[in-house]
Amino acid sequence: MRQTSEASGRNREARLNRQPQASVRQSPKFDQLPEYQRVLTQRKVGELIGVDNPFYRSHDMAAGATTVMDGRNFANFASYDYLGTNTDPLVTTRAKQAIDRYGISASASRLVAGERPVHTELEATLAEVYGVEAAVCFVSGYLTNVAAISCLVGPQDLVVHDEFIHNSALAGIKQSGATRRLFRHNDVDNLETVLKTLSSEFRRVLVIVEGVYSMDGDIADLPRLVELRSRYGFWLMVDEAHALGVLGKSGRGTFEHFDLDPQDVDIWMGTLSKTTSSCGGYIAGSQALADILKAEAGGFVYSVGLAPVLATAAKAGLDILRSEPERTEKLHRNGALFLEEARKAGLDTGLSVGFSVVPVLVGDSLRAVQLSNELLEDGVNALPIIHPAVPEGMARLRFFITCNHTQDQIRHAVDVTARRLKALQERNFGLASLDMEKMMQLSPLLQSPNT
């Protein structure tokens with residue numbers, strides 16, 4: 001039998017040797033990828049037409065309502081520091097104390113060795129702010145959406161979201177394997193149409209909106225969404241990244257703005273990098289929800305715990321939010337002033353209602369980039385949002401308002417934006433006016449050296 005087995009093995013080996021060998025797979029170089037070619041195209045177009053890249057501007061100091069870049073002072077409208085907590089002495093003092101006590105990193109997942117008292121203190125404070133039972137903190141705002149959504153829904157479920165929802169929510173839905181449907185921006189009637197046609201087919205249904213939409217500065221119609229939830233039985237998730245500290249008389253967010261019971265929303269999501277000037281994200285809701293996420297969400301279970309110094313800073317920011325509501329009141333006044341002045345100047349502010357985010361719609365992506373660059377000459381830092389982040393024709397400059405902006409800064413920013421934009425429009429500066437001869441010169445530069 002052994003001889004038979006050995007002979008069979010030799011025959012099998014001989015047959016394999018006679019078969020043609022598969023060619024060795026060659027992995028592409030990164031500079032050959034279409035993704036890199038797109039980056040290269042944008043870079044070379046900018047160089048050819050003399051338009052500087054407005055992104056990755058380096059700041060010499062903490063950037064709030066003002067900043068310093070290359071030794072120059074600017075009024076800064078590119079900061080999420082809505083309530084001015086980033087450099088507040090209470091926050092910085094507590095953060096330094098946390099470093100002395102805990103070091104920098106939690107150094108482990110919270111499940112095994114990374115838990116610190118400040119984690120539970122922060123989560124308890126968030127739960128109190130939202131008037132719910134519990135909260136869970138993650139090391140990244142982006143990760144919060146990815147981890148929570150992919151934990152709570154799966155291939156048998158449906159997620160319906162506003163068409164302008166943040167990319168992190170889209171990533172979470174994709175990872176979950178759930179069926180995805182969208183509804184027209186802030187159109188609750190359209191949402192109901194989607195629910196009528198689809199919701200009965202699925203095990204669980206999740207609807208996701210934003211409290212304040214980060215690109216447009218308008219607010220979700222939460223009262224109607226809550227009413228719809230009571231009739232269709234879905235989970236309602238509200239992203240409060242740009243609403244905490246901003247909406248409501250005391251800055252508690254969208255539910256306070258509309259005077260609603262926060263427990264009428266199943267999942268409150270938010271980030272710690274804006275009003276609380278830290279880093280990370282959170283989910284707030286029922287104790288059962290928190291327990292599920294702490295036991296099942298991969299982004300919590302398998303990730304290092306939030307750095308104790310960041311948790312401490314976020315907790316201090318929330319303490320300021322609760323003890324100094326006048327900061328939110330001033331933010332409201334500043335946002336209303338910016339919106340009023342912008343509209344008087346003839347600027348298109350789109351859907352914004354004038355709280356934390358006010359876009360100035362420019363239309364043409366190239367024009368928006370050039371406008372941002374020219375504003376630097378007038379001492380104003382505001383960044384463009386261009387295609388593909390928004391559809392071509394919807395490019396804009398996005399102004400973030402803080403409680404520390406002065407009226408003079410706001411009026412100056414609006415004035416120079418209106419003046420510079422008018423000049424660009426009169427010159428017809430933009431993609432449509434590109435010199436085609438120059439674009440033809442660019443064409444051979446875009447060819448890959450290996451093609």
Side-chain angles (χ1 to χ4, degrees), residues 59-69 73-104 116-119 121-130 135 137 139-141 212 240-253 256 270-282 284 306-335 337-338 355-357 381 399-410:
H59 298 253
D60 303 340
M61 56 175 282
T66 60
T67 191
V68 177
M69 295 183 287
N73 294 316
F74 295 88
N76 185 37
F77 291 90
S79 169
Y80 302 148
D81 188 16
Y82 296 131
L83 299 189
T85 57
N86 189 34
T87 54
D88 187 278
L90 176 68
V91 177
T92 56
T93 297
R94 288 189 184 176
K96 291 170 185 175
Q97 291 171 347
I99 291 174
D100 291 339
R101 179 177 177 182
Y102 301 113
I104 304 299
R116 303 293 182 269
V118 67
H119 291 131
E121 292 168 8
L122 172 59
E123 289 168 346
T125 302
L126 283 164
E128 290 173 8
V129 167
Y130 280 96
C137 289
V139 295
S140 156
V212 173
E240 292 283 278
H242 294 272
L244 179 66
V246 173
L247 295 184
K249 185 175 181 180
S250 62
R252 293 174 67 193
E256 186 183 36
T271 58
L272 301 172
S273 56
K274 297 171 179 67
T275 284
T276 59
S277 294
S278 181
C279 194
Y282 61 87
L306 183 65
V309 61
L310 295 176
T312 300
K315 170 67 164 56
L318 290 173
D319 290 344
I320 291 172
L321 166 68
R322 296 197 295 175
S323 64
E324 300 183 39
E326 60 270 19
R327 297 196 189 202
T328 297
E329 293 171 6
K330 186 177 180 186
L331 174 62
H332 291 174
R333 293 195 297 271
N334 282 348
L337 176 64
F338 192 102
F355 285 94
S356 52
V357 182
N381 184 48
F399 290 81
F400 293 106
I401 315 301
T402 79
C403 68
N404 286 338
H405 280 117
T406 67
Q407 292 187 7
D408 287 344
Q409 287 174 329
I410 290 170

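- A heavy-atom distance below 4.5 Å is found between the side chains of E128 and R322.
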Could you walk me through whether R116 and H119 satisfy the side chain to side chain contact (heavy atoms under 4.5 Å, CB included) test, starting with their C-alpha distance in whole Å, then the side-chain angles of each, then the deciding distance to 0.1 Å, before giving a yes or no? CA-CA 6 Å; R116 303 293 182 269; H119 291 131; 3.8 Å; yes

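- Side chains of I401 and F77 form a contact here, defined as non-hydrogen atoms less than 4.5 Å apart.
- In terms of heavy atoms, E123 sits closest to C137 at OE2-N, 2.9 Å.
- Screening D319, D100, D88 for a salt bridge (Lys or Arg N to Asp or Glu O under 4.0 Å) with R94, the sole residue that qualifies is D319.
- The NE2 atom of H332 sits 11.0 Å away from atom NZ of K249, with the distance rounded to the nearest 0.5 Å.
- Side-chain atoms of C403 and E324, non-hydrogen and from C-beta on, never get closer than 4.5 Å to each other.
- The aromatic rings of Y82 and F400 are tilted relative to each other, their planes meeting at an angle between 30° and 60°.
- Under the side chain to side chain contact (heavy atoms under 4.5 Å, CB included) test applied with L321, the options T328, T125, T85 reduce to a single match, T328.
- A donor-acceptor pair is defined here as one N or O able to donate and one able to accept, closer than 3.5 Å; no such pair exists between the side chain of T93 and the backbone of L90.
- Side-chain contact check for H405 versus L337: every heavy-atom pair is 4.5 Å or farther apart.
- Once rounded to the nearest 0.5 Å, the distance linking CD of E121 with CG of L318 reads 12.0 Å.
- Smallest separation of non-hydrogen atoms from Q409 and A65: NE2-O, 4.0 Å.
- By the 4.5 Å heavy-atom criterion applied to side chains, N334 and T402 are not counted as neighbours.
- Considering every non-hydrogen atom in both T271 and A241, the closest pair reads OG1-CB, 3.6 Å.
- Counting heavy atoms from C-beta on, the side chains of V118 and L306 never come closer than 4.5 Å.
- Minimum interatomic distance between V129 and R252 (heavy atoms only, all atoms of both residues): O-NE, 2.7 Å.
- Residues T312 and Q97 have side chains that never bring a donor and an acceptor to within less than 3.5 angstrom of each other.
- Taking every heavy atom of both residues into account, A311 and S278 meet most closely at N-OG, 4.5 Å.
- Ring-plane geometry between Y282 and Y130 is classed as tilted, the angle between the planes lying from 30 to 60 degrees on a 0 to 90 degree scale.
- With respect to N76, the side-chain hydrogen bond (donor to acceptor under 3.5 Å, both in side chains) criterion is satisfied by exactly one of T66, N381, D81: N381.
- No side-chain heavy atom of N86 sits under 4.5 Å from any side-chain heavy atom of S79.
- P117 and R101 make their closest contact through CG-NH2, 4.2 Å (heavy atoms, listed as atom of the first residue, atom of the second, distance).
- Two residues are said to be in side-chain contact when any heavy atoms from C-beta on lie closer than 4.5 Å; L83 and I320 fail this criterion.
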